[in-house]
Amino acid sequence: MKEFAILLEKLALTPSRNRKIALISDYMAVTPDPDRGLALAILTNNMTFTHIKSGKLKDIAKNHVDEFLFKLSYNYVGDTAETIALIWPYYEEGYDLPPLHRIVEEFENTPKSDIPKMIENYLTIATPNERWAMIKIATGGLRIGVSERLAKTALAKFGNKDLQEIEEIWHGLKPPYLSLFDWIEGKGPKPHVKFSDVFHPLMLSTPIDEEKDFEKLDIADFQVEWKWDGIRVQLVMDGDKRALFSRTGDDISAAFPDITQNVNGSAVLDGELLVGKDFMPDSFNHLQQRLNRKTVTQKQMSSHPAYICVYDMLFDNGEDIRNLPLIQRRKRLEEWFDKNPQTRLTLSEILESSTWDSVTSTRQKGADDHGHEGVMIKRKESVYVPGRPRGEWFKWKRNPFFVDAVMMYGQRGHGKRSSYYSDYTFGVWDGNNIVPIGKAYSGFTDEELVLLDKFVRNNTVSRFGPVREVKKELVLEIAFDSMQESTRHKSGIALRFPRIHRIRWDKPVQEVQSLSEIRREFLI
Amino acid sequence: MVPRETAIITHGHADHARFGHQKVIATPETIAIMKARYGDNCAQEFRPLPLRQTMRMGEIDITLYPAGHVLGSAQVLLNDGQTRIVVTGDYKRGKDSTCADYEIVPCDILVTEATFGLPVFQHPDPRVEIQKLLQSVNNNPDRAHLIGAYALGKGQRVIKLLRESGYDKTIYLHGAQRKLCDLYQAHGIDLGVLENVGNRKKSDFAGEIIVAPPSAIKDRWSRRFPDPVIAMASGWMQVKQRARQKGVELPLIISDHCDWNELLQTIQDTGAKTIWVTHGREDALVHYCQTHLGLEAEPLSIQGLGEGEDE
Ligand SMILES: [Zn+2]
Ligand SMILES: [Zn+2]
């Protein structure tokens with residue numbers, strides 16, 4: 001546990017991604033099983049102790065510390081785990097914390113009534129940093145700037161394996177990943193995982209470069225489909241066993257029983273999750289509402305039924321067909337559809353694409369008439385490889401819309417950008433007030449970031465933690481893909497993919513449009 | 001802080017010593033520091049008052065006692081024959097070989113600072129922190145170590161602690177650290193070989209230690225060093241969130257102020273029955289004095305002080 005606490009602190013304080021990877025990989029090399037596997041589970045957020053709650057830990061601390069002083073301290077520190085770690089009044093020197101697996105075992109098996117006593121004992125023999133690490137582990141959500149992908153990248157580096165290979169079996173394995181480490185260290189075979197037990201990492205596209213790519217690419221080599229404004233999903237079916245995964249591999253089956261209960265056959269399919277009747281998609285917001293629910297009501301399922309527009313097939317029954325070219329996978333997919341009639345799955349249409357000009361007009365027409373996000377341009381010979389291989393699949397988004405808005409708040413960024421105010425909330429006039437319509441943290445150059453950061457610092461009117469409210473004086477030209485109704489924002493609208501297109505240092509805020517004006521102009 | 005006719009200055013930090021008073025009473029060291037920082041004419045008249053010597057002002061005897069904060073730092077005892085009031089200025093209880101040790105001054109009313117007046121502040125032994133630094137230097141021979149430290153006090157203390165741990169290589173200085181390091185050396189505090197960063201090649205700084213003001217460590221200036229480990233020596237570094245916010249990779253919890261327990265210890269050691277708390281987290285310390293120590297306590301807001309940084 002001692003070493004893992006040190007690792008967590010270093011990870012929290014090291015800004016460089018490569019150095020974080022090296023830290024984790026070095027830790028794997030010197031730490032025995034099962035501790036390193038448990039550490040991996042913790043770093044990838046695959047280990048939670050549901051019966052230990054942050055509020056409970058606060059109560060434990062408050063039993064030993066003046067409540068008023070605890071409150072003042074918490075207000076200053078801003079993090080429960082760290083407040084408890086620093087304020088804990090007892091320390092008995094000379095004890096070593098038990099190894100990580102013993103702590104995990106205790107966290108898992110200690111009956112609820114004995115938890116306070118166990119935690120108190122550990123707090124008393126641990127250093128402040130070890131206390132912090134322990135509380136973070138117990139309550140989950142490390143927030144140390146380590147993503148699941150980064151942890152797996154470190155594992156790949158440690159074992160000198162390809163990240164893809166690890167991704168491929170990852171979702172079929174469980175902590176403490178003994179067979180995984182055996183394989184990585186050459187002491188055992190690659191763990192076998194059945195196709196329907198896991199999520200298979202997705203193949204992703206790159207944006208097309210209008211100036212360079214069209215000249216180089218021959219349209220005859222490509223297949224063109226709509227780019228849908230939904231959620232990329234993977235549907236895994238094996239007889240009665242069905243699971244729906246998001247693009248990051250989260251199992252979202254529970255929110256969409258209308259899909260999992262109404263499909264049949266055996267396959268792994270790649271497609272776009274949408275809601276709407278008769279395969280006519282409703283706006284993204286309706287989908288978002290269903291996605292945010294843990295469970296779904298009958299009413300929602302009938303007003304906004306879910307379906308998948310399928311565009312690729314990874315496994316045909318048990319057969320892995322990812323090494324076949326796209327054009328053959330498509331043929332297998334069509335045949336599979338013929339054999340397995342579906343009510344919640346539809347095949348993605350292949351669009352006419354004899355010349356780049358015709359693709360250009362299709363893309364424009366799709367955006368104007370149906371609100372499509374653009375088109376996908378996929379190489380017919382492309383095999384299905386996880387990640388983002390260059391030159392295989394392109395997305396060509398429709399042209400963005402633009403709106404002028406006033407900067408309202410700046411928030412500190414993360415990682416490399418943590419010393420900058422790099423996330424900006426912006427708004428438009430509503431009567432005499434400015435109401436927020438969105439938030440953007442991209443679209444500007446490094447030089448512009450320096451200027452925006454400076455503007456935030458020099459024009460702060462109040463602060464809330466990492467957020468500064470600024471004088472309503474700077475106009476930002478925001479590019480976005482679409483505007484939709486939303487009940488989640490006070491303004492009643494939500495922008496898709498907003499980014500800062502230009503900084504209008506010259507433009508007076510009075511000239512920014514009003515909420516009602518932009519609603520009229522852009523709402524779909 | 002407005003200029004006064006007569007000002008007693010506890011120590012040379014910018015939030016305690018300002019330009020433009022008519023007459024300044026302070027230890028000779030503090031006067032030297034003020035002159036070095038603000039020029040020989042930063043006050044019209046200087047009245048050096050060495051430690052433990054008494055000077056009469058009207059009905060009141062004034063005596064300065066060491067505060068253990070930085071070179072020249074002093075507490076002020078005001079005594080009218082009936083009531084003894086001690087104003088601590090900034091102070092600490094831990095060992096610091098760059099200045100005289102804090103001394104307990106019994107009194108009736110204690111006016112104490114409270115920069116780290118929250119129970120989350122429990123400063124570790126600074127020697128352990130220096131070991132952390134040396135270990136990091138050892139583990140990263142290709143990288144420079146850039147330590148943010150205030151130019152008065154903290155910079156010299158970090159250097160001295162390094163020397164006391166046996167580090168005898170040249171330590172490099174940001175230009176802004178130079179003047180006060182020289183002044184400390186002239187006062188007999190041996191800081192070893194110090195050199196300005198100057199125009200050396202980037203690669204020359206691999207494995208070296210550079211001391212700079214906190215404002216410089218994340219600045220453009222820091223790009224002249226090879227992949228620097230950004231360190232910062234400050235009591236605030238106890239809070240990881242704060243270190244992360246400031247982009248500090250190696251926090252060194254080295255403070256020139258009392259931590260929470262030292263504040264409580266001092267309050268009890270002086271025997272004061274009335275405590276006025278200022279300069280920091282007044283609310284927590286006042287609350288503790290009232291409810292746990294049964295003392296009279298209140299916050300004292302002092303003009304012109306901003307958020308209590310280390311200075
Ligand atoms: Zn001060
Ligand atoms: Zn000071």
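In the text below, chain A, chain B and the rest are named by the order of the sequence lines, each starting its count at 1. Every value quoted in this text rests on a predicted model; they were computed, and no experiment measured them.
- Salt-bridge annotation for B:Arg244 and A:Asp79: absent, with no side-chain N of the basic residue lying under 4.0 Å from a carboxylate O of the acidic one.
- At distances below 3.5 Å, at least one donor-acceptor pair connects side-chain atoms of B:Gln122 with backbone N or O atoms of A:Leu86.
- Proximity of a side-chain donor or acceptor of A:Glu82 to a complementary backbone N or O of B:Gln241 within less than 3.5 Å is detected.
- Heavy atoms of B:Asn140 lying under 4.5 Å from chain A are absent altogether.
- Rounding to the nearest 0.5 angstrom, the gap separating the CG atom in A:Asn75 from the CG atom in B:Asp283 is 9.5 Å.
- Side-chain atoms of A:Asp66 and B:His292, non-hydrogen and from C-beta on, do get closer than 4.5 Å to each other.
- At a 4.5 Å heavy-atom cutoff, B:Asn261 makes no contact with chain A through either its backbone or its side chain.
- Looking at A:Trp132, the atoms closer than 4.5 Å to chain B (heavy atoms on both sides) all sit in the side chain, from C-beta outward.
- One finds the CD atom of B:Gln245 at 5.5 Å from the CZ atom of A:Arg412 (value rounded to the nearest 0.5 Å).
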Step by step, would you call A:Tyr76 with B:Val239 a side chain to side chain contact (heavy atoms under 4.5 Å, CB included)? CA-CA 9 Å; A:Tyr76 175 75; B:Val239 180; 3.9 Å; yes
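- Taking 4.5 Å as the limit, some side-chain heavy atom of A:Ser73 sits within range of a side-chain heavy atom of B:Pro119.
- Here the straight-line distance linking atom CG of A:Leu72 with atom OH of B:Tyr288 works out to 14.5 Å at 0.5 Å rounding.
- For the atom pair CG of A:Leu13 and CD of B:Glu249, the computed distance is 8.0 Å after rounding to the nearest 0.5 Å.
- Chain B forms more heavy-atom pairs under 4.5 Å with one residue of A:Thr83, A:Asn129, A:Ile87 than with any other, namely A:Ile87.
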